[in-house]
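Below: the structure, in structure tokens.
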Amino acid sequence: MKNITIIIITDDDNLVLRDNLPGMLRQDYNSQYEIVVVRNTRRGEMTDLLEPFMQQHKNLHSTFLPDKPQYITDEEVEILLGAKAAQYDNIIVVPPDFNTGDDKWLERLAEDMDITNGEQHCLLNDARPILFGDAHLHGRFGFFKRRRHLKTVKKALKKWCKEKDISRKELFAGKNTRHNLAIAFRKQDYMNDMTLRHIIQTHLITF
């Protein structure tokens with residue numbers, strides 16, 4: 001298994017993270033992992049909430065949304081901030097209200113995502129540099145809105161997949177995995193590929 005960065009994007013009002021963060025911090029995982037929380041503001045209730053956790057857990061980090069040009073959305077900057085702050089190349093994004101259920105969530109997820117590339121085992125590789133889940137949609141939107149969102153993401157993927165000779169079908173998590181993440185991708189791919197950034201943004205920015 002590989003080292004993983006978990007990114008959580010939250011606003012100061014979303015204090016549900018207080019209940020779910022302990023479960024993420026006590027994962028029984030065979031490799032290293034960290035959590036990066038991207039906040040809307042430098043100060044506020046979310047900052048106060050995180051500080052005690054950060055004192056106890058060295059793998060919990062936090063960054064905040066700075067001033068930005070008007071033509072860039074908050075979501076674009078938040079995703080970029082989280083990716084830039086990540087220590088590890090394998091990045092998983094989950095919503096702040098995601099509940100791990102138990103301390104084996106990350107291990108199971110990593111096993112589900114594992115791809116064998118020759119003798120090298122990795123979470124993501126050139127054949128599948130990104131994996132789409134729906135933890136950020138699950139329980140929030142009805143069937144038709146979820147279907148419309150899927151069609152929008154597939155449309156954004158069409159040209160990119162063709163150019164890279166990647167199977168679009170293989171980029172979507174199976175039924176046992178899809179509710180356990182919003183999206184997974186490799187940091188270097190995200191930083192170097194503007195088209196991939198657009199696809200990730202399209203998937204995470206919903207309605």
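A side chain to side chain donor-acceptor pair (under 3.5 Å) with D134 holds for exactly one of H203, R178, R146; it is R146. Of the candidates Q27, R26, R108, R108 is the only one forming a side chain to side chain donor-acceptor pair (under 3.5 Å) with D102.
Of the possible donor and acceptor atoms, none in the side chain of N90 sits under 3.5 Å from a partner among the backbone N and O of F185. The main-chain N or O of V38 is never found under 3.5 Å from a side-chain atom of T63 such that the two would form a donor-acceptor pair. Remark: side-chain polar atoms of W160 are not paired, donor with acceptor, to backbone N or O of T195 under 3.5 angstrom. Of the possible polar contacts, one joining the Y33 side chain to the M24 backbone as a donor-acceptor pair under 3.5 Å is found. A donor-acceptor distance shorter than 3.5 angstrom exists from the side chain of N3 to the backbone of Q32, with no hydrogens or angles considered. Not one N or O on the side chain of D112 forms a donor-acceptor pair closer than 3.5 Å with the backbone of T177. Without hydrogens or angle criteria, R128 side chain to M113 main chain gives a donor-acceptor distance under 3.5 Å. R186 places no side-chain N or O within 3.5 Å of a backbone atom of D89 that could act as its donor or acceptor partner. Between the side chain of N192 and the main chain of Q188, a donor-acceptor pair closer than 3.5 Å is present.
The distance from atom CG of L80 to atom CD of Q201, rounded to the nearest 0.5 Å, is 10.5 Å. Here K154 contributes atom NZ and F132 contributes atom CZ; the two are 11.0 Å apart, rounded to the nearest 0.5 Å. Between L196 atom CG and L157 atom CG the span is 8.5 Å, to the nearest 0.5 Å. Distance CD1/I200 to CD1/I183: 5.0 Å, rounded to 0.5 Å. One finds the CD atom of E78 at 8.0 Å from the CG atom of L81 (value rounded to the nearest 0.5 Å). We find the CG-CD1 distance between L60 and I35 to be 6.0 Å, quoted to the nearest 0.5 Å.
Centroid-to-centroid, the aromatic rings of W105 and F98 come within less than 6.0 Å.
When side chains are defined from C-beta on, T10 counts as touching V37, because their heavy atoms get closer than 4.5 Å. Between K164 and D193, the closest side-chain pair of non-hydrogen atoms falls below 4.5 Å.
Hydrophobic clustering (ILVMFWY, side-chain heavy atoms < 4.5 Å, transitive): I92 and Y29 are in one cluster.
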Report the C-alpha separation of I4 and L123 in whole Å, then their side-chain angles, then the decisive distance to 0.1 Å, and conclude whether the side chain to side chain contact (heavy atoms under 4.5 Å, CB included) test is met. CA-CA 9 Å; I4 292 176; L123 292 174; 3.2 Å; yes

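Looking at residues two or more places apart in sequence or on another chain, you find no ring-ring contact (aromatic ring centres under 6.0 Å, His included) involving F53. Applying the salt bridge (Lys or Arg N to Asp or Glu O under 4.0 Å) criterion to D28, with sequence neighbours excluded, gives K104.
By the 6.0 Å contact criterion, NZ on K187 is enclosed, its count of non-hydrogen atoms from other residues, nucleotides or ligands being greater than 12. Summarising the local packing, NE2 of H138 is surrounded by 12 or fewer heavy atoms from other residues, nucleotides or ligands at distances under 6.0 Å. Residue R168 places its CZ atom among more than 12 non-hydrogen atoms of other residues, nucleotides or ligands, all under 6.0 Å distant.
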